[in-house]
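Report on the structure given below.
Just the heavy atoms: all of them, side chains too, but no hydrogens, waters or symmetry mates, feed the values below.
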Amino acid sequence: MDESLERIGVRPQTLRIIALERVRDAIIEGRIKPGERLIERTLAERLGVSRSVIREVIRNLESEGFIENTLSGPRLMTLSIDQAQQIYEIRLLLESSAAAACAEAATRETGGQLRAALDEIRQAHETHSSNGALRATTRFYQIIFETGGHDIAWEIVQRLNGRISQMRALTLSARGRQAAGIERLSRIVTAIEDRNPQAASDACREHIREASHIAASMLVEKQ
């Protein structure tokens with residue numbers, strides 16, 4: 001773990017939430033590495049909070065899929081190639097179906113919301129805010145799932161969100177992926193605006209398959 005976790009100088013009622021966001025950001029941005037042990041005392045000292053707050057943070061991160069408990073203590077989850085492929089297969093099924101349903105139910109407002117989320121993603125990339133890009137991407141998909149009425153599917157995606165965020169962070173680090181990803185997402189939005197369920201589903205599948213291939217290649221390189 002590097003030294004860049006910023007100490008929390010204020011102590012509002014939302015202290016646990018702030019600490020959770022700081023540690024989650026460090027994970028998504030790669031400042032805490034896969035397989036690295038999360039030590040309560042170290043995190044508490046870095047952030048300037050109590051160890052009880054850190055224990056709550058670790059429990060939250062475990063429920064989000066970021067952390068696994070081992071005999072030596074909580075560690076950041078390490079994804080295998082097989083696990084990554086399973087995640088992408090789940091995403092492909094759920095997201096392509098949600099995109100089709102969204103296209104059927106879409107209104108002019110839906111297109112505006114998706115375009116606004118896409119602009120947030122683009123701006124985050126321009127300012128090199130990987131966490132901002134991931135948050136905006138999550139919002140983008142939330143609009144698609146909720147508009148399509150796929151609430152249960154979105155709950156499933158949220159339970160996998162920690163691992164999905166790790167995979168998105170990995171693929172976004174690939175050269176040229178940011179521009180290509182935005183182009184793929186734009187095609188999904190266009191199909192939804194056109195009220196074309198099949199085109200929305202196909203565009204979503206193409207986007208996920210491309211991300212899956214990039215992730216598999218990068219995980220092989222890390223072995």
Side-chain angles (χ1 to χ4, degrees), residues 21 24-25 27-29 64-66 84 86-215:
E21 289 179 350
R24 188 193 289 120
D25 288 354
I27 291 171
I28 290 174
E29 293 169 2
E64 292 176 13
F66 282 107
Q86 289 182 52
I87 289 171
Y88 280 113
E89 287 172 7
I90 292 170
R91 281 190 58 194
L92 190 147
L93 292 171
L94 296 182
E95 292 178 18
S96 62
S97 177
C102 180
E104 291 180 345
T107 63
R108 182 175 298 179
E109 182 181 5
T110 304
Q113 291 175 337
L114 289 171
R115 291 292 175 189
L118 198 58
D119 285 342
E120 288 182 24
I121 297 170
R122 188 179 290 107
Q123 290 169 14
H125 287 324
E126 290 173 355
T127 57
H128 306 290
S129 173
S130 57
N131 190 52
L134 290 168
R135 286 179 176 173
T137 302
T138 298
R139 175 59 184 155
F140 178 89
Y141 281 106
Q142 182 179 6
I143 294 167
I144 288 176
F145 276 82
E146 291 183 350
T147 301
H150 286 212
D151 300 328
I152 300 301
W154 180 243
E155 288 180 13
I156 295 171
V157 170
Q158 285 182 297
R159 286 197 288 271
L160 288 170
N161 201 43
R163 298 178 187 183
I164 290 173
S165 293
Q166 283 181 279
M167 298 311 302
R168 282 183 178 146
L170 178 66
T171 57
L172 284 174
S173 66
R175 180 176 298 178
R177 174 56 182 168
Q178 295 178 359
I182 289 174
E183 173 60 27
R184 294 285 191 188
L185 293 178
S186 183
R187 291 180 189 176
I188 296 171
V189 176
T190 298
I192 289 172
E193 290 174 329
D194 291 342
R195 304 289 300 275
N196 188 328
Q198 188 61 55
S201 177
D202 290 344
C204 195
R205 286 173 177 271
E206 289 175 10
H207 176 62
I208 294 171
R209 286 187 180 122
E210 181 182 62
S212 176
H213 292 150
I214 294 171

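- For the pair Ser186 (side chain) and Ile182 (backbone), a donor-acceptor distance under 3.5 Å is absent.
- Counting all heavy atoms, side chain and backbone alike, Ala103 lies closest to Arg195 at O-NE, 2.8 Å.
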- Task: Would you sort out whether Arg159 and Ile156 count as a side chain to side chain contact (heavy atoms under 4.5 Å, CB included), showing the intermediate values?
- Result: CA-CA 5 Å; Arg159 286 197 288 271; Ile156 295 171; 3.6 Å; yes
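- Nearest heavy-atom pair across His150 and Ala98 is ND1-CA, 3.7 Å.
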- Task: Would you please test Arg135 and Asp25 for side chain to side chain contact (heavy atoms under 4.5 Å, CB included) and show each step?
- Result: CA-CA 10 Å; Arg135 286 179 176 173; Asp25 288 354; 3.4 Å; yes
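- Between Phe145 and Val157, some side-chain heavy-atom pair lies under the 4.5 Å cut-off.
- Although no hydrogens or angles enter the test, the distance criterion places no donor-acceptor pair under 3.5 Å between the side chain of Thr147 and the main chain of Ile144.
- A 6.0 Å sphere centred on CD of Glu155 holds more than 12 heavy atoms belonging to other residues, nucleotides or ligands.
- Across all their heavy atoms, Ile208 and Glu95 have their closest contact at CD1-OE1, 3.3 Å.
- Ser97 contributes atom OG, which lies 9.0 Å from atom CZ of Arg205 (distance to the nearest 0.5 angstrom).
- The residues Asp119 and Arg122 are annotated as salt-bridged, a charged nitrogen and a carboxylate oxygen being separated by less than 4.0 angstrom.
- If you take SG on Cys204 and CG on Leu92, they are separated by 7.0 Å, rounding to the nearest 0.5 Å.
- When every heavy atom of Gly132 is checked against every heavy atom of Ala124, the shortest pair comes out as C-CB, 3.7 Å.
- No side-chain heavy atom of Leu185 sits less than 4.5 Å from a side-chain heavy atom of Val189.
- Here the CD1-OG1 distance, from Ile143 to Thr138, works out to 11.0 Å after rounding to the nearest 0.5 Å.
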- Task: Please assess Thr190 against Arg115 for the test side chain to side chain contact (heavy atoms under 4.5 Å, CB included), listing each intermediate value before the final yes or no.
- Result: CA-CA 9 Å; Thr190 298; Arg115 291 292 175 189; 3.2 Å; yes
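- Checked for salt-bridge contact, Arg184 and Glu210 meet the test: a charged N lies under 4.0 Å from a carboxylate O.
- Of the possible polar contacts, none joining the Ser201 side chain to the Pro197 backbone as a donor-acceptor pair under 3.5 Å is found.
- What you find for Ala99 and Ala200 is that their closest heavy atoms are O-CB, 3.6 Å.
- Remark: side-chain polar atoms of Thr110 are paired, donor with acceptor, to backbone N or O of Thr107 under 3.5 angstrom.
- Distance CD1/Ile192 to CD/Glu104: 11.0 Å, rounded to 0.5 Å.
- Heavy atoms only, all atoms of each residue included: Glu120 and Ala136 are closest at CB-CB, 3.8 Å.
- How far CG of Leu93 is from OH of Tyr88: 15.0 Å, rounded to the nearest 0.5 Å.
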